[in-house]
Visitor: 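Have a look at the structure that comes next, please.
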There are 2 protein chains.
Amino acid sequence: MSKSESFDLKDFLPYLLAQAAEQTSVEFQYFYKTKYGMLRTEWRVLFHLGRYGSMTAKEICDRARLHKTKVSRAVAALQDKRFLTREQQEKDRRHETLGLTRAGQLAYADLSQAAQRFDRKMVADFTPEEADVLRRCLIRIASL
Amino acid sequence: MSKSESFDLKDFLPYLLAQAAEQTSVEFQYFYKTKYGMLRTEWRVLFHLGRYGSMTAKEICDRARLHKTKVSRAVAALQDKRFLTREQQEKDRRHETLGLTRAGQLAYADLSQAAQRFDRKMVADFTPEEADVLRRCLIRIASL
DNA sequence: ATATATTAGTTGTTTTTGTAACTAACAAGC
DNA sequence: GCTTGTTAGTTACAAAAACAACTAATATAT
């Protein structure tokens, strides 16, 4: 049997990663999409503001590795939902400081707790060693 | 420090999976997109036909866990590129058997070898044990 | 035999994403 | 000052994905 015949998509890491990511993404969507009508980028932006406090869109782009147009649209959507407010900075009016409203903070608290429970539940399927290896491998791959 | 404050997106498995999948996907795109002008679904369909031989669109849907509209459009695109041909089955004219042309087989050979090299290069960043755990974890997560 | 349900596959419409071009504000060089 | 360049953010348009509705062929039940 030649090498090319024995090779299978099921062994191909990019394929496995895509399938695994898709699977968990669909499951976790229940929390931000069904409950809050958010898109994935919106949840990520909300998370960054909730976790690290007020910051500008640019800072979110850098920290979350998200393109500025995605962030721009997510911010607009979150503002529509009354989850965040913008405030233009006086000394440099190009910057606007983004901050969560009370409703935004509540959504963050709810979602981040759901995320923690979700994560713990996923990890529970593996031994601590496996979970540790998995996490480290993913971090390494993601930061190439 | 409360639990919710110590929790970070960077520790959240669905996030890590998405980032890792995105990263490898972008890299591997060079082969099927830049070289052959294919979309990801097209490459997957091509792969299934190249690897397992002629079959119907439905069989590809089932094996590749792909929605029928995606497969339908990928098949049409691959046909436009002269990579596959369709043949209606006589005993049930709803089915059409899809098969690769010579050009399709060459593209498959090229891409599947590129995939193998890509995979080996990724795995080389890890110990055999790590790679093994990673693969097994991903398979488990993907098949939930 | 004919009405009903299924199945394979396609097409159309709406969302979402990606990319590039744009505006507004500031900074630097001369 | 006034060009030129940069940066933050938005907008507009094109590519792609998601979802629903559709056609055609066959199978099933009465």
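Quick note on labels: first sequence line is chain A, next is B, and so on, each numbered from 1.
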Visitor: Looking at five pairs on each end of the helix from C:dA1-D:dT30 to C:dC30-D:dG1, what is the angle between the two axes, given to 10 degrees?
Guide: 0°
Visitor: Tell me yes or no: between the side chains of A:Q89 and A:T97, is some donor less than 3.5 Å from an acceptor?
Guide: yes
Visitor: Taking all non-hydrogen atoms of both residues into account, name the closest pair between B:V45 and B:A74 and its distance.
Guide: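 Here B:V45 and B:A74 meet closest at CG2-CB, 4.0 Å.
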Visitor: CD of B:E96 versus P of D:dA24: gap in Å, rounded?
Guide: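 B:E96 atom CD is separated from D:dA24 atom P by 15 Å.
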Visitor: Taking CZ from A:R86 and P from D:dG9, how many angstroms apart are they, rounded to a whole number?
Guide: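 Taking atom P of D:dG9 as the reference, CZ of A:R86 is at 9 Å.
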Visitor: Each nucleotide N or O in nucleotides 17-21 of chain C that has a protein N or O under 3.5 Å away: list the pair and distance.
Guide:
residue: C:dG18; atom: OP2; partner: A:K70; partner atom: NZ; Å: 3.3
residue: C:dG18; atom: N7; partner: A:R73; partner atom: NH2; Å: 3.3
residue: C:dG18; atom: O6; partner: A:R73; partner atom: NH1; Å: 3.4
residue: C:dG18; atom: O6; partner: A:R73; partner atom: NH2; Å: 2.8
residue: C:dT19; atom: O4; partner: A:R73; partner atom: NH2; Å: 3.4

Visitor: D:dA8 P sits how many Å from A:K58 NZ, rounded?
Guide: 4 Å
Visitor: Would a distance-only check, ignoring hydrogens and angles, find a side-chain to backbone donor-acceptor pair under 3.5 Å from A:R63 to A:H48?
Guide: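 It does not hold such a pair.
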Visitor: Residues in salt bridge (charged side-chain N to carboxylate O under 4.0 Å, His left out) with B:K70, at least two apart?
Guide: none
Visitor: Could you tell me how far apart B:H95 (NE2) and C:dT7 (C1') are, to the nearest whole angstrom?
Guide: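 Interatomic distance, NE2 of B:H95 to C1' of C:dT7: 7 Å.
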Visitor: Please report the distance, rounded to the nearest Å, between CD1 in B:I60 and C1' in C:dG9.
Guide: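 Going from B:I60 (CD1) to C:dG9 (C1'), I get 12 Å.
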Visitor: Measuring to OP1 and OP2 of D:dT10, would you say a side-chain N or O of A:S72 lies under 4.0 angstrom away?
Guide: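 Yes, A:S72 has a side-chain N/O under 4.0 Å of OP1/OP2 on D:dT10.
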Visitor: Rounded to whole angstroms, how far apart are CD on A:E87 and C1' on D:dG9?
Guide: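 Spelled out: CD on A:E87 to C1' on D:dG9 is 17 Å.
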Visitor: In whole angstroms, how far is the C1' atom of D:dT10 from the CD atom of A:Q88?
Guide: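 After rounding, the gap between these two atoms is 13 Å.
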Visitor: Ignoring hydrogens, what is the shortest heavy-atom contact between A:F7 and B:R51? Give both atom names and the distance.
Guide: O-NE, 2.5 Å
Visitor: Do the side-chain N or O atoms of B:R93 get closer than 4.0 angstrom to the phosphate oxygens (OP1, OP2) of D:dT26?
Guide: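 The answer is yes; a side-chain N or O of B:R93 sits under 4.0 Å from OP1 or OP2.
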Visitor: Nearest heavy-atom pair of A:R40 and A:S25: which atoms, and what distance?
Guide: NH1-OG, 4.3 Å
Visitor: Is the distance between the ring centroids of A:F83 and A:Y108 less than 6.0 Å?
Guide: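 Ring-ring flag for A:F83/A:Y108: false, centres at least 6.0 Å apart.
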Visitor: Of all the heavy-atom pairs spanning B:G104 and B:L46, show the shortest one and how long it is.
Guide: O-CD1, 3.8 Å
Visitor: Please report the distance, rounded to the nearest Å, between CG in B:D92 and P in D:dT28.
Guide: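 So the two atoms are 12 Å apart, to the nearest Å.
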Visitor: If we only count heavy atoms from C-beta on, is the A:R65 to B:Q19 side-chain gap below 4.5 Å?
Guide: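 A:R65 reaches B:Q19 side chain to side chain.
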